[in-house]
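Let me begin by presenting the structure, written as C-alpha cells, before commenting on it.
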There are 2 protein chains.
Amino acid sequence: MELTRKGEYAIRGIIYLAQQPPGRVSLISEIAAAAEVPQTFLAKIFQSFAKLGLATSSRGTGGGFVLARPASAITLREVVEAVEGPILPNRCLLGSACDRGGPCRVHAVWKQVQTEVVHILDGVTIDTLARNTES
Amino acid sequence: MELTRKGEYAIRGIIYLAQQPPGRVSLISEIAAAAEVPQTFLAKIFQSFAKLGLATSSRGTGGGFVLARPASAITLREVVEAVEGPILPNRCLLGSACDRGGPCRVHAVWKQVQTEVVHILDGVTIDTLARNTES
DNA sequence: TATAAAAGGGATCAAATTGGTCCTAAAGGT
DNA sequence: ACCTTTAGGACCAATTTGATCCCTTTTATA
C-alpha cells in the first residue's frame with residue numbers, strides 16, 4: 001500500500017517537464033539532475049512515458065523529451081499507473097473468483113477503495129502540481 | 001499499493017474466528033485449515049493479533065484463540081494495520097520533509113488518499129464481513 | 001508430577017520485487 | 001563519418017515477502 005521510488009521519481013520527473021516553457025526539449029540528464037534522481041533509472045521511467053503517450057521522445061542531437069499533451073491534460077493517476085501499474089488494492093479485483101468459490105467477502109470494500117483512490121488521483125493534474133509553489 | 005498475502009490471510013483468519021459461537025476457543029490449526037492458509041504463517045499473524053489486543057490467546061491443552069472484543073467492535077482497518085502496518089500511500093506522510101526542502105508537491109494528495117482509505121476500512125467491521133454470506 | 005497440548009518467539013530460507021547499473025543498438029543532427 | 005541522444009535488453013545487489021523449523025513456555029489433566 002505504498003508508492004515505490006519509481007513512482008516518486010516519475011512524478012518528480014514529469015513535474016519538471018511540465019515546468020519548462022512549452023515546446024522546450026529536455027534531456028534525460030537534465031531532468032535527472034533537476035529532480036535529483038538516478039539518471040539511468042529515470043531513463044527507464046521516461047521510456048514508459050513515451051510508450052504510453054505521456055511524453056514524446058526524440059533521439060540524436062537536440063533530442064530529448066517533451067510532454068505529449070498539455071500538463072493540464074495529464075493526471076497524476078496516469079503518471080502513477082504508467083510506472084506502477086493499475087491501482088489495485090487487492091489481487092481479487094483482477095479476476096472474478098478471489099475466494100475459494102465465489103467473490104470474497106471483502107471484495108466490495110476493496111472495490112470501493114480502488115474507486116476512491118482512482119478518483120482522487122484522476123482529480124489532480126500535473127499542471128496543478130507544477131504550479132504549486134511550496135506547500 | 002497492494003494487500004499482501006499476510007493481509008489476506010489475516011482477514012480470512014479473523015473472519016473465521018468471528019463466525020464461531022461467542023466464547024468458543026479455536027486452535028490455530030483449525031483456523032488455518034478452515035481459512036486454507038499455511039498454519040505456521042497464520043500462527044505468526046495471530047501472534048500479532050494477540051499482542052495488539054484483537055484476539056486473546058491461551059496456551060496448553062484447551063488453549064487457542066478467541067476474539068478479544070465483539071466482532072462488531074473490530075474494524076477491517078485494525079486487522080489490516082495489525083499485520084501490514086499503518087496505511088501509508090507515501091513515505092512522505094511519515095516525516096515532515098519529503099521533498100528536498102519543504103513538503104513535496106503531492107503531499108496533500110497522498111494525505112487525502114490516506115484519509116479516504118482509512119475512512120473506508122474503519123467503516124467495515126469484522127462482524128459485517130463474517131455475516132456477509134456470499135457476494 | 002509427568003506428560004501432552006497449545007501458543008510464543010527466534011532463526012533461517014527461497015522466491016519475488018525493488019532499485020539500479022551497464023552495454024549495445026538505433027536514430028537523428030552536423 | 002561522427003557525435004549525440006533515446007531504446008532496449010541483460011544483469012545485479014538489497015530488500016521484502018512468504019513461508020518453515022525448532023526450541024521454549026504455559027497450562028490442563030491423567
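Quick note on labels: first sequence line is chain A, next is B, and so on, each numbered from 1. For clarity, every value in this text was computed on a predicted model and none was experimentally measured. FYI, side chains are in, hydrogens and waters are out, and symmetry mates aren't considered; it's all heavy atoms of this structure.
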Assign each of B/R5 and A/Q39 the nucleotide of DNA chain D bearing its closest heavy atom; nearer the 5' end lies the nucleotide of A/Q39

Notebook entry, point to check: Taking OP1 and OP2 of D/dC21, is either one under 4.0 Å from a side-chain nitrogen or oxygen of B/T40?
Noted result: no

Is B/Y9 close enough to D/dG18 that one of its side-chain N or O atoms is under 4.0 Å from OP1 or OP2 there? no

Margin query: Between A/Q47 and D/dG8, is there a contact of a side-chain N or O with OP1 or OP2 at under 4.0 Å?
Written below: yes

With the side chain defined as heavy atoms from C-beta on, A/F65 is closest, among D/dA19, D/dA7, C/dC22, to D/dA7

Picking from C/dG28, C/dG20, C/dA26, the nucleotide nearest the side-chain atoms of A/T61 would be C/dG28

Testing C/dA6, D/dT20, C/dA27 for proximity to the side chain of B/R59, the answer is C/dA6

(message) Applying a 4.0 Å non-hydrogen cut-off, can you work out what A/F49 is touching in the nucleic acid: base, sugar-phosphate, or nothing?
(response) nothing

query: When all nucleic acid strands are considered with a 4.0 Å heavy-atom cut-off, which category describes A/S58: base, sugar-phosphate, or nothing?
result: sugar-phosphate

Rounded to the nearest 0.5 angstrom, the CD1-CD distance for A/I15 and A/Q19 is 7.0 Å

Exercise. Might you work through the salt bridge (Lys or Arg N to Asp or Glu O under 4.0 Å) test for A/R77 and A/E84, ending with a clear yes or no?
Key: CA-CA 10 Å; A/R77 177 199 176 189; A/E84 306 261 18; over 6 Å; no

**Prompt:** If only atom types and distance count, is the side chain of B/E8 paired as donor or acceptor with the main-chain N or O of B/L3 below 3.5 Å?
**Reply:** no

Winner on side-chain proximity to A/S57, out of C/dG20, D/dA7, C/dC22, is D/dA7

Of the listed C/dT21, D/dG18, C/dA7, the closest approach to the B/L27 side chain comes from C/dA7

Notebook entry, point to check: At under 4.0 Å, does any side-chain N or O of B/T4 touch on OP1 or OP2 of D/dG18?
Noted result: yes

Looking only at heavy atoms, the pair that brings B/Q39 and B/A32 closest together is CA-CB, 3.6 Å

